[in-house]
Amino acid sequence: MRVCFEKAATAHAPLLPQVERVIQLDYQEPEGPLRVINNVEITVIAGGDDKMHMTGIADMVGIGAADSCDLVDDSITPNEAEGRDFSLVVGSFKSGKHRCDVYFFVTSDHRLTEIVFICSLYGFVKPMVQPRYDLTRNVHRICLYNTVTADHQHTSNRIPRLYLHVDMNCFYAQVEQSCYNLFGLPVIVGGWRKDNGTPRGIVATSSYEARAFGVRTGMSHLEATQLCPYLVPLQVHWEKYQAISAEVREILTSFSPSVESYSSDEAFLDITYMIGKPRGEIEALGAAVKNRIYHEVGLLCSIGIARSKTYSKLASDLIKPNGLVVVLTPEDAVDKIYPLSLKEVWGIGRRRFARLQEEGLHTIADAVDRGPGGFQKLFGAFFGQMLWETTIGRDCARILDEEEHIPREVGYMHTFSDWTDDPLRVCGEIGKAVQQLCYRMRGCSRRAERFSCHIRFQDDHWRGVDFTFTTPGLTNLDDYVLEACLHQGYPIICRFLAAGQTIRGIGLNTVNLTDNRQLELFFREQSKTLNLYTAIDAINNRFGMGTLNKASVLYAVEGKTHFLERNSLRM
């Protein structure tokens with residue numbers, strides 16, 4: 001497709017020049033072969049406040065040479081773009097039974113910088129270049145238990161392997177100390193103070209200086225301040241951490257072609273090429289990784305090297321900050337790993353650890369001595385055996401350097417800056433939650449029809465009310481999810497507010513996330529709504545999340561938040 005722009009002698013001609021990019025789309029018939037339309041020449045001419053005219057010359061049957069494009073009711077016209085940072089102008093190009101929805105992205109200086117053609121000529125659209133979704137934004141990816149799932153294992157466990165694990169010590173706090181020259185001061189990330197000085201927020205991480213006072217992750221800022229009155233609170237600045245994490249990964253790729261970014265502050269490297277080398281050379285490699293990161297990024301890290309992916313992670317946690325631990329021999333494992341509690345092992349959470357304790361299994365040494373029987377009794381023959389092998393260092397987990405994580409469920413939790421008794425404010429926060437939840441579903445090509453919502457009250461016991469709701473069918477579009485949520489949730493919110501409760505936070509989760517593409521008998525997403533969100537995502541993915549927002553987020557609870565990026569509409 002070739003798109004050209006003709007400068008018209010109208011008051012709105014400045015909108016037309018300096019076009020940077022056009023997103024092109026393939027057109028495909030629903031039940032036929034792929035049909036790419038070539039030799040399409042479209043001229044867009046500004047023709048007034050309420051209309052843009054399009055003329056097309058194409059080899060498409062039924063498309064005329066001079067059809068008009070009327071703006072839809074909820075569009076922003078060229079005149080209304082004056083004084084705005086952005087404007088989304090939506091038009092519909094019709095000719096007979098064919099229709100093409102056109103989305104114009106206009107900046108405040110009257111430059112038409114983005115044009116997105118969503119064409120429903122044949123009922124189906126497949127973009128040639130998919131927009132890139134940022135699925136990690138405002139999401140703390142802590143642990144995926146990669147070593148204890150069958151699909152994450154090597155097919156052969158006979159080949160010896162060597163792993164290196166990098167742990168960026170107190171990563172968020174280190175970054176902030178470096179940015180603001182706060183070295184030596186007790187810093188927490190995730191907190192802030194209200195105008196009257198009241199501490200708010202939850203500790204996402206703390207510097208080692210703060211940890212010396214007993215400040216820990218998950219603690220309230222108020223509680224942390226009681227332990228250490230001299231805390232420096234800073235909010236989570238996710239974009240900054242992502243950028244520095246990318247720099248660290250670039251360094252790591254110079255040491256190994258296989259690098260797994262386990263989280264923003266942890267990574268695994270496959271260094272099997274070092275097997276057979278003297279211990280001194282392997283230790284020198286770990287020291288070289290640490291030194292490169294420190295000299296090029298200015299941050300400290302701890303390194304663990306072992307023949308097991310699990311043990312390399314355990315080893316990196318033994319000496320912090322700035323540690324290096326190598327576990328190469330059975331004697332190394334007996335001395336450094338076996339005394340550790342089973343709760344430190346991947347896949348053994350609080351509940352599984354409690355069950356293992358009931359069987360008399362407390363440490364990794366206990367698991368080695370007792371064999372797999374206790375694990376199989378508690379967790380089944382297959383998974384129990386695999387979990388036991390992970391515990392004793394026999395796992396053969398792959399380095400997931402190219403595998404994109406697809407979540408089983410998607411969730412959003414947010415504690416307000418302050419309590420509220422205004423139902424409209426709560427609805428605004430639900431709108432923000434739906435917006436982020438649906439964006440992430442679209443990004444991983446998943447849909448859902450059942451959701452759960454949690455409304456947390458303002459009290460000392462973190463009490464609240466939960467309810468589930470169902471959309472008319474499988475969807476990942478904001479309109480359907482928000483309507484269903486508020487239809488069921490708004491009366492509940494009003495009832496508890498009338499009873500004297502105040503509300504401090506919300507949570508929203510999918511219940512049945514699926515990649516099912518089959519058309520449903522009684523529900524189908526409106527093509528206009530689907531196309532609109534395709535265009536909005538394309539613009540947000542290019543210019544930043546929150547470039548285009550729902551008006552409902554204007555009703556959100558005022559004040560700061562855990563994440564710095566959520567303080568404004570640019571979520």
Side-chain angles (χ1 to χ4, degrees), residues 136 141-168 245 248-249 252-253 255-276 282 285-286 289 301-318 325-330 332-333 336-338 340-349 352-353 356 364 367-368 371-372 375-376 378-408:
T136 62
R141 177 180 164 182
I142 303 300
C143 191
L144 300 178
Y145 301 122
N146 290 339
T147 62
V148 288
T149 56
D151 58 332
H152 288 158
Q153 308 295 317
H154 283 287
T155 55
S156 172
N157 58 5
R158 298 180 181 179
I159 302 174
R161 297 179 177 88
L162 194 61
Y163 304 86
L164 184 149
H165 181 253
V166 180
D167 187 338
M168 304 301 299
S245 181
V248 173
R249 180 183 172 88
L252 298 179
T253 55
F255 290 93
S256 172
S258 298
V259 178
E260 174 185 346
S261 297
Y262 180 70
S263 65
S264 62
D265 61 344
E266 294 184 57
F268 289 96
L269 283 70
D270 187 335
I271 56 169
T272 301
Y273 64 87
M274 292 295 293
I275 287 183
I282 295 175
L285 175 68
V289 172
C301 67
S302 291
I303 302 288
I305 299 176
R307 297 180 182 272
S308 154
K309 191 177 182 183
T310 301
Y311 278 17
S312 70
K313 180 173 171 61
L314 291 173
S316 69
D317 201 42
L318 293 176
V325 177
V326 177
V327 180
L328 296 178
T329 65
D332 292 336
K336 300 172 182 177
I337 303 297
Y338 285 9
L340 298 176
S341 170
L342 286 172
K343 66 182 179 181
E344 304 294 331
V345 178
W346 257 337
I348 300 180
R352 286 176 181 163
F353 180 57
L356 288 167
I364 294 176
V368 175
F375 280 73
Q376 291 177 320
L378 294 173
F379 310 117
F382 180 75
F383 182 75
Q385 176 72 25
M386 188 163 57
L387 185 58
W388 179 77
E389 290 182 357
T390 295
T391 302
I392 68 170
R394 291 184 187 174
D395 61 272
C396 50
R398 295 183 289 116
I399 297 295
L400 305 175
D401 51 350
E402 296 179 352
E403 186 166 324
E404 184 178 0
H405 171 60
I406 302 297
R408 294 183 178 179

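The figures that follow rest on heavy atoms only: side chains count, while hydrogens, waters and symmetry mates do not.
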If I compare all heavy atoms of [X] with all of [Y], which pair ends up nearest, and what's the gap?
{"X": "L162", "Y": "M274", "answer": "CD2-CB, 4.0 Å"}
{"X": "G304", "Y": "S316", "answer": "N-CB, 3.5 Å"}
{"X": "R352", "Y": "G347", "answer": "NH1-O, 2.6 Å"}
{"X": "T390", "Y": "W346", "answer": "CG2-O, 4.5 Å"}
{"X": "S264", "Y": "S245", "answer": "O-OG, 2.9 Å"}

message: Could you go through D317 and L340, starting from their C-alpha distance and side-chain angles, then the distance that decides it, and tell me whether this counts as side chain to side chain contact (heavy atoms under 4.5 Å, CB included)?
response: CA-CA 11 Å; D317 201 42; L340 298 176; over 6 Å; no
query: Going through the checks in order, is the side chain to side chain contact (heavy atoms under 4.5 Å, CB included) test met by M168 and V248?
result: CA-CA 9 Å; M168 304 301 299; V248 173; 4.2 Å; yes
message: According to side chain to side chain contact (heavy atoms under 4.5 Å, CB included), who are the partners of L378, at least two apart in sequence or on a separate chain?
response: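 Applying side chain to side chain contact (heavy atoms under 4.5 Å, CB included) to L378 gives R355, L356, E359.
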Side-chain touch [X]/[Y], heavy atoms, less than 4.5 angstrom:
{"X": "H154", "Y": "I159", "answer": "no"}
{"X": "I364", "Y": "L342", "answer": "yes"}
{"X": "K309", "Y": "E260", "answer": "yes"}

Candidate pair S308 and D395, rule side chain to side chain donor-acceptor pair (under 3.5 Å), full reasoning: CA-CA 6 Å; S308 154; D395 61 272; 2.5 Å; yes
- prompt: Does the pair L164 and L252 meet the rule for a side chain to side chain contact (heavy atoms under 4.5 Å, CB included), with working shown?
  reply: CA-CA 10 Å; L164 184 149; L252 298 179; 5.6 Å; no
Main-chain N/O of [Y] paired to [X] side chain as donor or acceptor, under 3.5 Å:
{"X": "R307", "Y": "P160", "result": "no"}
{"X": "D332", "Y": "T329", "result": "yes"}
{"X": "K313", "Y": "H165", "result": "no"}
{"X": "Y311", "Y": "I392", "result": "yes"}
{"X": "R249", "Y": "A267", "result": "no"}
{"X": "S256", "Y": "I271", "result": "no"}

[X] [atom1] to [Y] [atom2] distance, which is reported to the nearest 0.5 Å:
{"X": "I337", "Y": "E344", "atom1": "CD1", "atom2": "CD", "answer": "10.5 Å"}
{"X": "L285", "Y": "I305", "atom1": "CG", "atom2": "CD1", "answer": "5.5 Å"}
{"X": "T391", "Y": "M386", "atom1": "OG1", "atom2": "CE", "answer": "11.0 Å"}

message: Holding to ring pair (Phe, Tyr, Trp, His ring centres under 6.0 Å), I want the full list of residues that pass it with Y163, two or more places apart in sequence or in another chain.
response: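 In terms of ring pair (Phe, Tyr, Trp, His ring centres under 6.0 Å), with neighbours along the sequence ignored, Y163 is linked to no residue.
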From CA spacing to verdict: side chain to side chain contact (heavy atoms under 4.5 Å, CB included), I348, F375: CA-CA 11 Å; I348 300 180; F375 280 73; 4.2 Å; yes
